[in-house]
*Asks:* 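Handing you a structure now.
We use all heavy atoms of the structure for the numbers below, so side chains are in, but hydrogens, waters and symmetry mates are not.
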Amino acid sequence: MRICFIGAGALGSTIGGTLARGGAEVWLIDPFQAHVDAINAGGLRVLEVGAETVVKVTACTSATQVGVEADLVIVLVKSYHTRDAIRAAAPIIGPRTVVMSLQNGLGHEDILSEEVGRDRVMAGKTYVGGVLLGPGHVRSGVLGKETIIGELDGRLTERAQLISGTFNRAGILTRLSDNILGTMWDKLFINVAGGGITAVTGLTYGGLYSLPVLEDCALAAISESIAVAQAAGVKISITDPRRAWTMASAGLPPEFKTSMLQSLQSGNLTEVDYIHGSVVRWGARLNVPTPVNSTLVALVKGIEYARSDYPGKS
């Protein structure tokens, strides 16, 4: 199977490297030239459970460099780059190509469907982790971490089974779901637990889980999210806010930083519109109040706007 990753940062490189090691033909497509050059020169260095291996995989900065159509395109760019990224991937998308998002939050599948057609799009969520240690060098968090994929309409299709099998054979624990929308909301609850709060406070998980008032805020944000999902008729497995709060920190060290906090600290925009913002939009549509999530969106956007390089700011 030829698998192309659109976005080969920490997570894309971790999953892509694991699939390549498992025998798939993998292309990592990312604009980070130094990362691409390092991978092509010496392979992708993967640090896992204290041991380092080198995986041979091809990297490039543009889909035009691949030269052939992909069987599977996995989108792992920042959420706000999704539309531009899938448009740029047009040269590798053919009649049989499947496009799948493994991004955090909600709304990506709608964007992908608008660009390539809903019949080509699958959805997925992953609990796999990865850290980019330097160009061509990642710390892998694959072991014991589940990935769930599925068709948007819940069918257990042959293509979904093929992708799931490819992932599992490579060592990525993958489950095929007939309720991927419910899975996406479950994962959203976990992102809501700490994303906005850590972005606003600058706290790692050690600090987040030390102050009861922050726990109360997180539980309120999760409760709103669950209420919105239930109003939308989504079949969710997490109905207790405290379960999402506990799952969010499971197995993570006190120094762990959420992706939203990392984005702010690196000078980038966050994905708040696709996490807390998704809850707010769905809540407005369904007439479910979401004051805590609305406040977190406003505060994070305020922090973004305070930067001199905010897009469109004069």
Side-chain angles (χ1 to χ4, degrees), residues 10-11 79 103-106 125-131 141 144-146 182-232 234 236-266 268-284 286-307:
L11 188 55
S79 296
Q103 298 155 287
N104 283 328
L106 298 177
K125 290 298 169 188
T126 185
Y127 293 88
V128 167
V131 178
K145 300 296 183 180
E146 188 179 45
T183 296
M184 291 162 65
W185 276 92
D186 285 339
K187 180 68 186 296
L188 181 71
F189 303 151
I190 292 170
N191 293 139
V192 162
I197 297 174
T198 59
V200 171
T201 62
L203 291 171
T204 64
Y205 266 17
L208 176 65
Y209 282 78
S210 296
L211 199 57
V213 69
L214 296 181
E215 178 178 346
D216 292 342
C217 181
L219 292 174
I222 300 166
S223 295
E224 290 177 1
S225 307
I226 291 173
V228 168
Q230 291 172 330
V234 179
I236 54 176
S237 66
I238 298 175
T239 56
D240 179 359
R242 191 166 295 281
R243 182 181 169 204
W245 169 251
T246 302
M247 289 176 66
S249 63
L252 296 174
E255 63 271 17
F256 177 80
K257 295 180 181 180
T258 65
S259 60
M260 208 175 293
L261 175 57
Q262 291 181 58
S263 292
L264 285 180
Q265 291 183 337
S266 61
N268 295 317
L269 294 175
T270 71
E271 296 177 301
V272 69
D273 280 332
Y274 293 82
I275 299 175
H276 300 281
S278 293
V279 177
V280 175
R281 286 192 299 278
W282 276 90
L286 298 166
N287 201 29
V288 177
T290 57
V292 177
N293 282 283
S294 296
T295 300
L296 289 170
V297 170
L299 292 174
V300 173
K301 284 185 169 293
I303 294 170
E304 291 176 341
Y305 186 76
R307 300 202 321 252

*Asks:* Mind checking side-chain hydrogen bond (donor to acceptor under 3.5 Å, both in side chains) for S237 and listing every partner two or more places apart, or none if nothing turns up?
*Replies:* D186
*Asks:* Mind listing the closest non-hydrogen atom pair of A221 and L296 along with its distance?
*Replies:*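 For A221 and L296, the tightest heavy-atom pair comes out as CB-CD1, 4.3 Å.
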*Asks:* Residues two or more places apart in sequence or in another chain: which of them pass side-chain hydrogen bond (donor to acceptor under 3.5 Å, both in side chains) with N268?
*Replies:* S266
*Asks:* Would you name the heavy atoms of G105 and K125 that are closest together and state the gap between them?
*Replies:* O-NZ, 2.8 Å
*Asks:* Give every residue pair that meets the side-chain hydrogen bond (donor to acceptor under 3.5 Å, both in side chains) criterion with at least one member in residues 248-257, sequence neighbours excluded.
*Replies:*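 Every pair satisfying side-chain hydrogen bond (donor to acceptor under 3.5 Å, both in side chains) with a residue in residues 248-257: K257-Q265.
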*Asks:* Does any pair with a residue in residues 214-225 pass side-chain hydrogen bond (donor to acceptor under 3.5 Å, both in side chains), and if so which ones, sequence neighbours excluded?
*Replies:*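 As it turns out, the side-chain hydrogen bond (donor to acceptor under 3.5 Å, both in side chains) pairs with a partner in residues 214-225, which skip direct neighbours, are E215-R242, E224-N293.
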*Asks:* Are W185 and I238 side-chain neighbours, meaning at least one heavy-atom pair lies under 4.5 Å?
*Replies:*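 Counting from C-beta outward, W185 and I238 never come under 4.5 Å.
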*Asks:* Who pairs with S294 by side chain to side chain contact (heavy atoms under 4.5 Å, CB included), at least two apart in sequence or on another chain?
*Replies:*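 Here the qualifying residues are V280, T290.
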*Asks:* CD1/I222 to CZ/R243 distance, rounded to the nearest 0.5 angstrom?
*Replies:* 12.0 Å
*Asks:* Provide the closest heavy-atom pair for P241 versus I226 in the form atom of the first, atom of the second, distance.
*Replies:*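 Shortest heavy-atom contact: N-CD1, 3.8 Å.
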*Asks:* Please name all residues satisfying side chain to side chain contact (heavy atoms under 4.5 Å, CB included) with A232, sequence neighbours left out, ordered by chain then number.
*Replies:*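 Here the qualifying residues are V234, W282, L286.
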*Asks:* Give me the atom names and distance for the closest heavy-atom approach of V288 to A227.
*Replies:* CG1-CB, 4.1 Å
*Asks:* Let me see the working for L214 and L203 under side chain to side chain contact (heavy atoms under 4.5 Å, CB included), right down to the final yes or no.
*Replies:* CA-CA 11 Å; L214 296 181; L203 291 171; 3.4 Å; yes
*Asks:* Check whether K187 reaches the backbone of T126 with its side chain - one donor and one acceptor, N or O, closer than 3.5 Å.
*Replies:*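 Checking the backbone N and O of T126 against the side chain of K187, a donor-acceptor pair under 3.5 Å is found.
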*Asks:* Going by the rule side-chain hydrogen bond (donor to acceptor under 3.5 Å, both in side chains), which residues pair with T270 if we only count those two or more places apart in sequence or in a different chain?
*Replies:*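 Only E304 meet the side-chain hydrogen bond (donor to acceptor under 3.5 Å, both in side chains) criterion with T270.
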*Asks:* Of the non-hydrogen atoms in W245 and A193, which two are nearest, and what is the gap between them?
*Replies:*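 Closest approach of W245 to A193: CZ3-O, 3.9 Å.
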*Asks:* For the atom pair CG (L188) and CG (N104), what is the distance rounded to the nearest 0.5 Å?
*Replies:* 9.0 Å
*Asks:* Using the side-chain hydrogen bond (donor to acceptor under 3.5 Å, both in side chains) criterion, which residues pair with Q230? Sequence neighbours excluded.
*Replies:*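 Q230 satisfies side-chain hydrogen bond (donor to acceptor under 3.5 Å, both in side chains) with no other residue.
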*Asks:* Salt bridge (charged side-chain N to carboxylate O under 4.0 Å, His left out) with K301: which residues, sequence neighbours excluded?
*Replies:*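 For K301 the salt bridge (charged side-chain N to carboxylate O under 4.0 Å, His left out) partners, ignoring immediate neighbours, are D273.
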*Asks:* Tell me, which pairs form a side-chain hydrogen bond (donor to acceptor under 3.5 Å, both in side chains) where one or both residues lie in residues 194-212, sequence neighbours left out?
*Replies:*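 Pairs touching residues 194-212 that pass the test: T198-T258.
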*Asks:* Before giving the answer on side chain to side chain contact (heavy atoms under 4.5 Å, CB included), spell out for L261 and F256 the whole-Å C-alpha distance, their side-chain angles and the decisive distance to 0.1 Å.
*Replies:* CA-CA 10 Å; L261 175 57; F256 177 80; over 6 Å; no
*Asks:* Looking only at non-hydrogen atoms, find the nearest pair between H276 and V192 and report the distance.
*Replies:*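 Scanning both residues completely, I find the closest heavy atoms to be CE1-O, 3.3 Å.
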*Asks:* Have S278 and R281 got a donor and an acceptor in their side chains that come within less than 3.5 Å?
*Replies:* yes
*Asks:* Any pair with a residue in residues 194-212 that passes salt bridge (Lys or Arg N to Asp or Glu O under 4.0 Å), sequence neighbours left out, goes on the list, sorted by first then second residue, please.
*Replies:* none
